[in-house]
Each structure stands twice: as C-alpha cells, then as structure tokens.
There are 2 protein chains.
Amino acid sequence: MAVTLLDDYGIADLTMRRLARELGLTPGALYWHFADKQALLGAVADRILATTTSATAPAPWADRVHAICTGLRDALLSTTDGAELVSASFAAGKSEQMAAILDRLTGAAAEAGIDATHAGLAARSVLYYVLGFTADEQSRLQWDAAGALADGQSVMTTDPNGRFIFGLRLLVDGMSAQAAASRDHRGDPGVTVPAP
Amino acid sequence: MAVTLLDDYGIADLTMRRLARELGLTPGALYWHFADKQALLGAVADRILATTTSATAPAPWADRVHAICTGLRDALLSTTDGAELVSASFAAGKSEQMAAILDRLTGAAAEAGIDATHAGLAARSVLYYVLGFTADEQSRLQWDAAGALADGQSVMTTDPNGRFIFGLRLLVDGMSAQAAASRDHRGDPGVTVPAP
DNA sequence: ACCTGAACACCGTTCAAGT
DNA sequence: ACCTGAACACCGTTCAAGT
C-alpha cells in the first residue's frame with residue numbers, strides 16, 4: 001500500500017519505481033491504474049483524508065469551521081509528510097476530499113453572512129492557513145524527531161494546539177467582521193474594523 | 001541567469017543540469033557556488049523578491065500590511081511560477097527576503113495590539129494566505145494563457161485584485177478583533193466576536 | 001484486463017583531477 | 001579559486017508484446 005510506504009519513508013521516497021518495487025510490480029504496471037504520478041498522489045491524499053469526511057453536524061458555523069479544521073489537521077499530522085502531500089494535491093486540484101472540505105467551509109462562510117461571491121474565497125483562505133500552519137508544524141516535528149533542534153527551541157514549537165486555534169480564530173473573527181460589514185451597508189463591504 | 005531560465009520555461013525546467021548547460025558549464029560547477037539545489041532556488045527566490053524590500057514607511061499598521069502584501073503579490077506574479085518557487089523556499093526556510101517580510105509583518109501585528117507570543121503567528125498566517133492565494137491565481141493564469149479554460153470561467157478568475165484584498169481584509173479584521181479581545185480581558189484572548 | 005521488458009530522456013550530487 | 005570528466009544512483013513515462 002502506498003500509504004504505508006509514505007509513512008515509513010516520506011514523500012521524497014514515494015516514487016513510482018519504488019512503489020512498484022514494494023508491490024512486486026514493474027513501474028509501467030502503475031500506469032494501467034493511474035494516469036500519472038499526480039493522480040496517484042491525489043489518491044493517496046484522499047486516503048489520508050478519508051477519516052475526516054464525517055457528517056456535517058448541525059452546529060453554529062464557527063463551531064463547524066473549528067471542527068472541520070481540527071479534524072483536517074489531525075489527519076495531516078497522522079502520516080509522515082501528510083501536510084505537504086495534501087497541500088500539493090489540493091493545489092493541483094487532484095483531491096476530491098479537499099474539494100468536499102472546501103464546500104463544507106464555503107457553506108459555513110455563507111451561513112456566517114458572507115455573500116456568495118466571497119464565501120468561497122473565505123473558505124479557501126481558511127484552508128491556506130490550515131495547510132500552511134500544519135506543513136510548518138510537521139516539518140519542525142520531523143526535523144526535531146530526526147535529532148536536531150537543541151532544546152526548548154522557544155517559540156513556534158511550544159503549545160502547537162493553542163497556536164493553531166489562535167490563528168484559526170483570526171480567520172473566524174475576520175469572517176464575523178466581514179459579515180457584519182456587508183450587513184450594515186450592503187454593496188460596500190469595503191469597511192474594515194478600525195485600528196485603535 | 002537563472003531567473004531568465006525560470007521565466008522562460010517554468011520551475012519544472014529549472015534543473016541544475018539545464019541551468020549549467022544554459023551557462024555553458026558542467027553540472028558539477030554549480031556545486032562550487034551553491035550547497036545544493038535548495039540553496040540555488042532560495043537565491044533565485046530572493047532575486048525575485050529583491051524589488052519588494054523597500055523602506056517601511058511610517059503608516060498605520062493595517063496600511064503597512066496592505067502595502068507589504070500587495071508588493072509581495074506583484075513580485076510573485078512578475079515571474080513564471082514565482083509564487084510556487086517562493087512558497088517552497090519559504091517553507092524550507094531558504095529565503096532571507098521572506099524572513100525580512102515576516103519580521104515586518106510581525107512588527108505590524110505587534111503594533112496592532114497582538115501580544116508578542118502571537119504576533120509572529122498572525123504574520124505567518126498572512127503569508128500563508130498571500131502565498132496560497134497567489135499560487136492559485138498564478139496557476140490559473142498560466143493554465144489559461146496556455147490555451148485551456150473555455151470562456152469567462154465564472155468565479156475565481158474575475159477581479160483577482162478585489163478578491164485578493166477581500167481575503168487580506170479577513171486577516172486584518174481578525175487581527176483587529178484579536179487585539180481588541182486581548183485588550184479587554186488580558187490573559188484570556190479566547191473570546192470570539194460572536195456570530196449573529 | 002492486467003502486466004512485463006525494454007527503452008527514452010532525463011535527474012541531483014560527488015569528487016578526483018586539472019588550470 | 002573555479003571548473004571538467006566521469007561516474008553513481010536514481011527518476012517519470014511510453015508502449016509493443018505477452019497471458
């Protein structure tokens with residue numbers, strides 16, 4: 001299975017030739033099952049995310065965003081280089097699971113009160129954050145586990161859960177503010193919460 | 001020059017061997033100048049961003065964030081696959097220019113009123129957004145220029161500037177809200193702007 | 001339907017040796 | 001100081017041919 005190979009050796013060693021060898025096949029054999037490497041990686045990404053795609057519980061939108069993003073991060077962290085792989089597959093538009101998650105986040109954004117034109121973008125912004133944060137976190141974790149990183153390493157490694165939800169709240173607060181702005185004077189959502 | 005090669009053929013063709021050939025050198029020669037390919041790419045990334053690193057004008061923090069991010073996006077869009085390249089170099093910690101931009105954004109976040117522990121994360125979140133958005137935008141632009149994409153393509157390609165600043169405002173609003181929260185009852189920044 | 005064999009056109013990196 | 005020659009250990013992809 002490709003996922004085991006990924007988990008054991010990382011994304012750099014997840015090559016078509018190596019996977020074929022592990023499966024007792026010839027490299028060319030994989031091209032009967034997948035169009036190219038991108039398609040294969042997309043399938044692996046969707047496998048990693050398979051656990052995440054649970055039901056959309058009928059909760060307030062902010063709670064739903066929180067639940068979706070926490071679940072996504074957990075799934076990414078559960079496998080070696082998971083964040084990097086899913087990030088790449090999402091960027092290439094090769095993950096159906098990520099498309100589904102994007103839809104669910106778009107729904108939450110719309111329910112928050114963001115107009116249809118921008119709800120999708122708000123949802124994407126949330127995903128950029130989750131993928132960026134988790135890829136960062138994971139690379140540090142793995143670098144760390146591999147021996148380096150002297151001691152406490154101070155910031156950026158302590159309390160990753162707290163840091164993650166802080167950043168997530170930044171987006172959620174922004175969505176609230178934006179929704180409020182477009183409610184007040186509709187047609188002109190161009191007003192920012194004023195700086196102190 | 002590596003940047004010209006990148007601009008003409010894209011990141012996939014920016015290989016050590018190809019670059020060496022273009023320079024009239026042997027592949028091994030590049031390893032006298034750079035430790036490895038990552039270092040070379042980091043240098044190219046910093047070249048692309050060289051124009052951006054202008055002075056930090058003494059403006060309100062939100063305006064500074066806006067200026068920094070707009071300048072960054074312009075620089076990324078100015079070269080083929082610029083966003084993807086810089087994104088990778090930033091993730092690998094190989095771009096000094098991105099480190100400098102991160103510092104400037106951290107300063108802005110601190111000035112917004114976000115405590116020192118979280119200002120860096122807020123700055124990172126902004127960068128995740130700018131890099132994610134622009135990489136998306138650029139891949140669509142290039143796919144488009146390469147012939148595909150039937151017609152108007154509806155959402156996600158129309159008014160990219162407006163969409164970009166909308167998403168950016170999400171983050172800026174979130175920073176304002178978070179700063180306000182930590183001002184009200186310090187020690188507990190865990191309160192969200194309530195949903196409608 | 002599913003796979004092999006064999007080829008095509010490449011990669012990044014190292015390192016003795018040259019000038 | 002800067003570069004070549006030559007090798008090492010790989011890549012992704014295609015495609016006739018086999019079963």
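A note on names: the letters A, B, ... follow the listed sequences, proteins ahead of strands, and every chain is numbered from 1. Keep in mind that this is a model prediction, so the values were computed, not measured. Note that these values count all heavy atoms, side chains included, but never hydrogens, waters or copies made by symmetry.
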Restricting to pairs with a member in residues 30-45 of chain A, which pass side chain to side chain donor-acceptor pair (under 3.5 Å), not counting sequence neighbours?
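Pairs touching residues 30-45 of chain A that pass the test: none.
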In whole Å, I'd like the distance from the [atom1] atom of [X] to the [atom2] atom of [N].
X     : N      : atom1 : atom2 : answer
A/K37 : D/dC11 : NZ    : C1'   : 8 Å
B/D13 : C/dA9  : CG    : C1'   : 13 Å
B/L14 : C/dC10 : CG    : P     : 16 Å
A/M16 : D/dT14 : CE    : C1'   : 12 Å
A/L19 : D/dT13 : CG    : P     : 13 Å
B/R21 : D/dT4  : CZ    : P     : 14 Å
B/Q38 : C/dT13 : CD    : C1'   : 14 Å
B/F34 : C/dG12 : CZ    : P     : 14 Å

Among residues 24-33 of chain B, which contact DNA chain D at a heavy-atom distance under 4.0 Å?
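Going residue by residue through residues 24-33 of chain B, the ones with a heavy atom under 4.0 Å of DNA chain D turn out to be B/G24, B/L25, B/T26, B/G28, B/A29, B/W32, B/H33.
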With sequence neighbours excluded, what pairs up with A/R17 under the side chain to side chain contact (heavy atoms under 4.5 Å, CB included) test?
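With sequence neighbours excluded, A/R17 shows a side chain to side chain contact (heavy atoms under 4.5 Å, CB included) to A/T15, A/P27, given in chain and number order.
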Partners of B/Y129 by ring pair (Phe, Tyr, Trp, His ring centres under 6.0 Å), sequence neighbours excluded?
B/F133, B/F164
Considering residues at least two apart in sequence or located in another chain, which fulfil the salt bridge (charged side-chain N to carboxylate O under 4.0 Å, His left out) criterion with A/E84?
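Residues passing salt bridge (charged side-chain N to carboxylate O under 4.0 Å, His left out) with A/E84: none at all.
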B/D136: what forms a salt bridge (charged side-chain N to carboxylate O under 4.0 Å, His left out) with it, not counting sequence neighbours?
A/R124, B/R140
Contacts of B/T80 that satisfy side-chain hydrogen bond (donor to acceptor under 3.5 Å, both in side chains) - sequence neighbours left out:
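side-chain hydrogen bond (donor to acceptor under 3.5 Å, both in side chains) check on B/T80 returns B/D7.
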Stems for DNA chain C (at least 3 consecutive Watson-Crick or G-U pairs, under 3.5 Å) come to C:4-8 with D:12-16, C:12-16 with D:4-8
Between the protein and nucleotides 17-19 of chain C, are there any N/O to N/O pairs under 3.5 Å, and if so, what are the atom names and distances?
none

B/R169 and B/I165: side-chain contact (heavy atoms from CB on, under 4.5 Å), yes or no, with the steps?
CA-CA 6 Å; B/R169 194 153 45 215; B/I165 66 127; 3.9 Å; yes
Where at least one partner belongs to residues 63-77 of chain A, residue pairs that pass salt bridge (charged side-chain N to carboxylate O under 4.0 Å, His left out), sequence neighbours excluded
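Qualifying pairs: A/R64-A/E111, A/R73-A/E137.
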Between side-chain atoms of residues 94-102 of chain A and protein atoms elsewhere (two or more places apart, or another chain), which donor-acceptor pairs fall under 3.5 Å?
| residue | atom | partner | partner atom | Å |
| --- | --- | --- | --- | --- |
| A/S95 | OG | A/D46 | OD1 | 2.6 |
| A/S95 | OG | A/M98 | N | 3.1 |
| A/Q97 | OE1 | A/T53 | OG1 | 2.2 |

Taking only the C1' atom of each, what is the distance from C/dC2 to D/dC15 in whole angstrom?
14 Å
Give me the atom names and distance for the closest heavy-atom approach of B/L171 to B/S125.
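So the two residues come closest at CD1-CB, 4.1 Å.
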